[in-house]
Amino acid sequence: MNVLKQILDPAARPDPYRYFGALRESPVTVQEDGTYLVSTYREIVALLHDPRVSSDRRNLSAGAPAEQDDFNPSFIGLDSPEHDRLRGLAMRHFGPPHSPETVERLRPKMLELTTALIDALKGRTRADIVDEVAYPLPVAVICALLGVPEEDEPRFHALADEVVETLGPGEEDRAERERARKAAAMELSRYLAGLAEARERAPRADMLSGLITYRGPAGGMTRDEAVATSVLLLIAGHETTINLIANGMLTFLRRPDLLRRLRDDPELIIPAVEELLRFEPPVQFVSSRVALDDITIAGTTIPAGAPIVLAMAAGSRDPAHVDRPDEFDVDRPRNEHLGFGGGVHYCFGAPLARLEAQIVLKELVRRLRGPRLVADPPPYRPSAVLRGPRHLVVEYDGID
Amino acid sequence: MRVVVDLTRCQGYGQCVFLAPDVFTMHEEALLYDLQPADERREHVLRAAAACPVQAIHLDRTASTPNDDREWAPVMEDGRIVIVGASLAGARAAEVLRREGFAGRLTMIGAEAGEPYDRPPLSKQVLTGQVPPEHTLLPRLREIDAEWLCGTPAAALDVAGKRVLLADGREVGFDRVLLATGTRARPWPDEAEAALEGVHTLRDARDAAALRRALGAGPRRVLILGGGFTGSEIASVCRELGLPVTLVERGPAPLHNAMGGVIGDVAAQLQREHGVDLRCGTTVTALEGDGGRLTGARLSDGSTIEADVAVVALGSVRNVEWLRDSGLAVGAWGVACDAGCRAVDSNGLVTDDVFVAGDIARFPHPLYEYQFMSLEHWGNAVAQAEVAAHNMVSDQAHRWPHLSVPVFWSSQFGVNIKSVGVPTFADEIVFAQGSRAERRFVAVYGYRGRITAAVTFDQAMWLEFYQRQIERAAPFPPDFRHVGGGADGGPVPARVPERLVATAGATVVVTGHDPAERRASLVHPG
């Protein structure tokens with residue numbers, strides 16, 4: 001069986017890494033469906049910064065499904081300069097240069113939410129870290145930031161899952177998956193369009209209000225653009241962070257010495273989260289790039305119009321880039337990894353995810369007395385792209 | 001704690017700004033930061049440094065790369081190494097020597113008292129008052145265990161006797177020496193006019209402190225002589241402080257000398273939009289004063305300017321006078337060396353124990369037809385110091401060539417300008433990506449049909465790609481399909497200045513008849 005197929009097989013979810021060595025033997029491989037898979041660090045970084053690589057699937061020579069034309073993609077699926085314009089307009093309400101303190105100001109709220117979630121684990125000795133901590137925290141944070149009522153969570157939860165579970169490399173069943181994804185995304189769009197309209201009439205101090213009302217010297221977002229952007233932020237704002245937190249707790253619980261060190265030296269959580277992003281990245285593949293021209297890389301020519309998949313998780317464990325790549329090492333100097341991608345599409349919400357993971361993992365390590373895994377490996381979510389445990393049941397002696 | 005950002009590597013991801021907004025600030029892609037943040041900011045700074053996607057943030061003793069898997073042993077593990085020049089290149093070389101395993105005596109000789117500090121902030125966040133001038137000390141990346149002889153400049157080099165003579169008469173012997181004395185600001189040629197109160201130059205931390213005080217006092221108008229990077233950055237600071245400013249530039253546009261006329265025109269427009277009174281194709285003929293204080297200047301076009309502060313930003317002078325009688329190939333252009341940083345003597349022979357790095361090193365670059373060049377760039381000082389230090393303790397089989405493609409950056413008028421390659425080594429330029437009108441673009445330079453340089457305005461993330469194109473001698477103009485719109489027309493003449501020859505240099509004369517006695521020597525004017 002072909003290596004990529006092995007990795008995508010649900011049976012490989014607990015440990016896709018054992019296949020990466022074979023994958024990296026050829027930095028660029030062409031799959032049966034014409035996809036070019038890139039798996040080595042240097043080549044991935046080069047392609048992330050290569051202006052001949054598009055993020056807009058409408059550039060595929062095979063042609064994206066026709067119905068995509070009436071679909072309004074968010075900046076994740078667009079190229080510069082359109083991407084830069086929309087991302088800049090979104091960044092205006094989230095980060096530098098106009099709102100540099102937004103994320104930092106959320107810190108007390110993140111800690112408060114974390115404290116409440118961990119307090120709720122008191123009085124028993126068993127809990128599911130995914131359902132009780134790793135999921136509710138990022139959802140609450142993104143809801144507060146965007147201005148989405150948290151009580152609507154049941155409305156968007158299944159839809160968001162549908163959108164991410166249909167992501168992935170491979171062109172064979174793509175049309176089918178795209179249809180399912182688009183249906184879910186449309187439904188989410190309708191929900192957020194309703195909220196956006198309300199904010200347009202009565203703006204509040206949240207991102208949704210900012211996206212829909214801001215008009216600058218170069219204009220603002222259309223309503224469709226504002227809605228597409230908020231769909232993206234709502235989904236990406238929590239679906240990935242869940243995995244980062246759950247993967248983190250799993251990685252720590254498997255290493256009692258590390259757990260002890262983290263408890264003794266809370267500042268270590270900072271490099272530990274960085275190492276997690278390298279070692280157990282929540283996003284394992286970037287699966288939607290297209291070559292605009294013939295690109296020769298590592299001796300292979302990717303023809304114009306071909307789909308490109310970047311195996312980020314394989315790249316971050318490339319022995320040509322890091323020593324002892326399969327060891328989790330919090331003392332790694334200058335930890336450069338592909339956990340958040342790179343280039344102009346670098347993860348928009350990276351600072352939020354980092355801070356959330358640092359806070360919640362630090363508190364879990366500090367407060368759970370004698371935590372241990374109930375099942376190893378735990379059950380995984382189906383997606384090979386946004387990879388993480390579906391449940392992470394732990395037993396513990398008490399909560400400090 | 002101390003922080004320095006390697007802005008050569010920085011691509012403007014802004015992660016540090018999110019995580020430590022009190023320490024790092026960003027305008028579009030132009031990053032400014034406090035080099036010595038308060039200790040209570042420590043956790044924020046640690047978070048910011050860990051999050052940097054390109055690991056460009058260096059803190060005290062956190063950034064040293066252990067070199068454990070080294071395949072060679074240093075040939076020179078003990079003995080005495082002397083580094084003349086204790087600024088960026090010198091300090092970096094000292095760290096690399098220790099990293100490479102040199103365990104012998106290390107002596108640092110510096111003209112300025114105090115520890116090495118970072119200069120780029122002096123024309124930016126220090127002048128605006130965001131960071132005090134004394135808060136620019138470079139982080140100590142590792143313990144270097146050196147003997148510091150600071151506050152006394154070196155006065156001469158005795159190559160045969162292997163010793164450095166200091167201005168106070170002391171002698172320091174060496175087995176190997178690194179010359180890294182850098183540059184100083186070119187002074188205003190008329191000494192009396194230069195001495196007027198209100199006339200400044202900007203090179204060291206004291207200059208920056210004095211200029212900061214002068215700008216903080218709210219002058220009625222600031223006159224800047226020279227529209228290179230330093231002059232343009234100072235003009236930007238003045239406008240940010242709301243001060244009226246006139247910039248006088250001899251060439252057709254600011255930044256023309258470094259980037260040619262096409263980018264110069266963009267820079268000129270940028271300056272005018274920000275309210276700079278820009279006078280190109282003009283020079284100052286005299287600075288005028290009253291009672292020892294500057295009152296204004298006369299210009300070559302016959303006009304006069306009233307100003308109570310003037311900044312002379314006419315480039316730099318290399319600190320090589322002390323090497324005049326050393327027998328090395330020294331001139332206004334610097335100290336010639338091979339690609340491995342070994343100094344070349346006046347005969348053109350490579351020396352064994354004298355190495356050069358940083359602003360004064362004039363080295364042949366294979367990518368640019370082996371032309372000799374000296375680069376006054378932060379990134380070059382760091383990269384070349386590393387190569388020099390490595391080679392100082394390695395044998396011939398393990399020496400490295402200094403082959404890095406030059407990278408330079410500047411921030412001015414809210415724009416982050418970066419360049420890779422040598423933009424003046426060009427005959428044509430094309431706007432490849434982005435938009436000139438929005439001041440967000442990638443411009444690519446070509447020489448005889450190959451790519452030799454690229455300049456970005458707030459588009460630093462693409463620079464790496466063009467660096468690879470330069471390294472591969474890719475064809476110019478680039479003809480591939482790409483993202484990013486742009487292409488404001490096709491290639492146009494780059495209008496780069498004629499390569500400057502060192503007119504103030506010495507004359508070379510050759511004497512002797514048979515090969516054993518033929519010698520070249522430098523005859524200095526005056």
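Basis for what follows: all heavy atoms, side chains included, without hydrogens, waters or symmetry-related copies. As the structure is a prediction and not an experimental result, all values here were calculated from the model. Throughout, protein chains are lettered first and strands after them, A, B, ... in sequence-line order, and every chain is numbered starting at 1.
- For Tyr13(B) (side chain) and Gly343(A) (main-chain N/O), a donor-acceptor pair under 3.5 Å exists by modelled atom type.
- Comparing Pro96(A), Gly88(A), Gly95(A) by how many heavy-atom pairs each has under 4.5 Å with chain B, the most go to Pro96(A).
- Neither the backbone nor the side chain of Val273(A) comes within contact range of chain B; no heavy atoms are under 4.5 Å apart.
- Contact annotation for Glu104(A): both backbone and side-chain heavy atoms come within less than 4.5 Å of a heavy atom of chain B.
- Residue contact with chain A, scored on non-hydrogen atoms closer than 4.5 Å, involves the backbone and the side chain of Phe480(B) alike.
- If you measure heavy-atom distances from Gln358(A) to chain B, the contacts under 4.5 Å come from the side chain alone.
- Glu275(A) and His337(A) are not linked by any side-chain donor-acceptor pair at a separation below 3.5 angstrom, with hydrogens and angles left out of the test.
- No donor-acceptor contact under 3.5 angstrom links the side chains of His93(A) and Ser99(A), judged on distance only.
- Chain B forms the most heavy-atom pairs under 4.5 Å with one residue out of His83(A), Glu101(A), Arg354(A), and that residue is Arg354(A).
- At a heavy-atom cut-off of under 4.5 Å, chain B is reached by no residue from residues 295-307 of chain A.
- Residues of residues 14-23 of chain B that come closer than 4.5 Å to chain A, counting heavy atoms only, are Gly14(B), Gln15(B), Val17(B), Phe18(B), Leu19(B), Pro21(B), Asp22(B), ordered by residue number.
- Listed for the His274(B) side chain is a donor-acceptor partner under 3.5 Å among the backbone atoms of Leu270(B).
- Between the side chains of Ser288(A) and Arg57(A), no donor-acceptor pair of N or O atoms lies under 3.5 Å.
- Residue Arg468(B): no heavy atom, backbone or side chain, is found under 4.5 Å from chain A.
- Contacts of Glu267(A) with chain B are made by side-chain atoms alone, with heavy-atom separations under 4.5 Å and no backbone atom involved.
- Between chain B and the options Val103(A), Asp79(A), Leu292(A), the largest number of non-hydrogen pairs under 4.5 Å is found for Leu292(A).
- Proximity to chain A is absent for every atom of Asp458(B), based on heavy atoms less than 4.5 angstrom apart.
- A distance-only check finds a donor-acceptor pair linking the side chain of Asn247(A) to the backbone of Glu280(A) [under 3.5 Å].
- Neither the backbone nor the side chain of Ala46(A) comes within contact range of chain B; no heavy atoms are under 4.5 Å apart.
- Donor-acceptor pairing under 3.5 Å is recorded for the side chains of His49(A) and Gln11(B).
- Checked by atom type, the side-chain pair Tyr466(B)/Glu471(B) shows no donor-acceptor distance below 3.5 Å.
- His98(A) and Arg92(A) share a donor-acceptor pair across their side chains, judged by distance under 3.5 Å alone.
- Residue contact with chain A, scored on non-hydrogen atoms closer than 4.5 Å, involves the side chain of Glu464(B) exclusively.
- Side-chain contact annotation: Ser411(B) with Glu233(B), donor-acceptor N/O pair under 3.5 Å absent.
- Contact of Gln459(B) with chain A is made through the side chain alone, with heavy-atom distances under 4.5 Å.
- Judged purely by distance below 3.5 Å, without hydrogens or angles, the side chains of Glu43(A) and Thr40(A) pair a donor atom with an acceptor atom.
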